[in-house]
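Just below is one structure, and these are the notes that go with it.
For this chain, numbers begin at 1 and follow the sequence in order.
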Amino acid sequence: MTKPKIAAKSPIQVSLEPGTHFWCACGQSNNQPFCDGSHRGTEFTPVMFKIEEKQDAWLCRCKQTGNKPYCDGTHNSL
């Protein structure tokens with residue numbers, strides 16, 4: 001398996017509305033940290049996650065987190 005592109009070596013804080021969201025797993029999206037379909041033709045697929053109520057979250061942009069889609073601090077060791 002190939003490694004995803006590191007979009008940034010820091011997370012991004014986002015305000016999430018209730019509903020279904022798709023986190024970019026390939027690192028190619030121009031709409032980071034969300035999927036824009038750039039993974040088509042690769043082995044990557046976006047990570048779907050659901051939010052029940054409006055909340056702020058830190059989403060991973062280095063694509064190396066062990067807690068997808070949320071930042072777990074892995075970017076600090078890159």
Looking at every heavy atom in both [X] and [Y], which two are closest together, and how far apart are they?
X	Y	answer
N31	D36	N-OD2, 3.9 Å
F44	K3	CZ-C, 3.7 Å
G66	T74	N-OG1, 4.5 Å
S38	C26	C-SG, 4.5 Å

For the side chain of [X] and the backbone of [Y], is there at least one donor-acceptor N/O pair under 3.5 Å apart?
X	Y	value
H75	C71	no
E52	P18	no
W58	D72	no
Q32	N30	no

For Q13, does the CD atom have more than 12 heavy-atom neighbours from other residues, nucleotides or ligands under 6.0 Å away?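 Enclosed: over 12 neighbouring heavy atoms sit under 6.0 Å from CD of Q13.
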
Stepwise side-chain contact (heavy atoms from CB on, under 4.5 Å) check, I6 with L78: CA-CA 10 Å; I6 296 173; L78 298 176; 3.9 Å; yes

Under the criterion side-chain contact (heavy atoms from CB on, under 4.5 Å), I'd like the reasoning laid out for H21 against C35: C-alpha separation, chi angles, the key distance, then a yes or no. CA-CA 9 Å; H21 302 274; C35 177; over 6 Å; no

Check whether any side-chain heavy atom of [X] lies under 4.5 Å from a side-chain heavy atom of [Y], and answer yes or no.
X	Y	answer
L59	F34	yes
P46	H39	yes
P4	Q28	no
R61	S10	yes
I51	E17	no
K54	L16	no

Do the side chains of I12 and V47 join up, straight or via other hydrophobic residues, at under 4.5 Å, putting them in one cluster?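 I12 clusters together with V47.
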
Classify the angle between the aromatic ring planes of F49 and Y70 as parallel (below 30°), tilted (30 to 60°) or perpendicular (above 60°).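 The arrangement is perpendicular - the two ring planes meet at more than 60°.
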
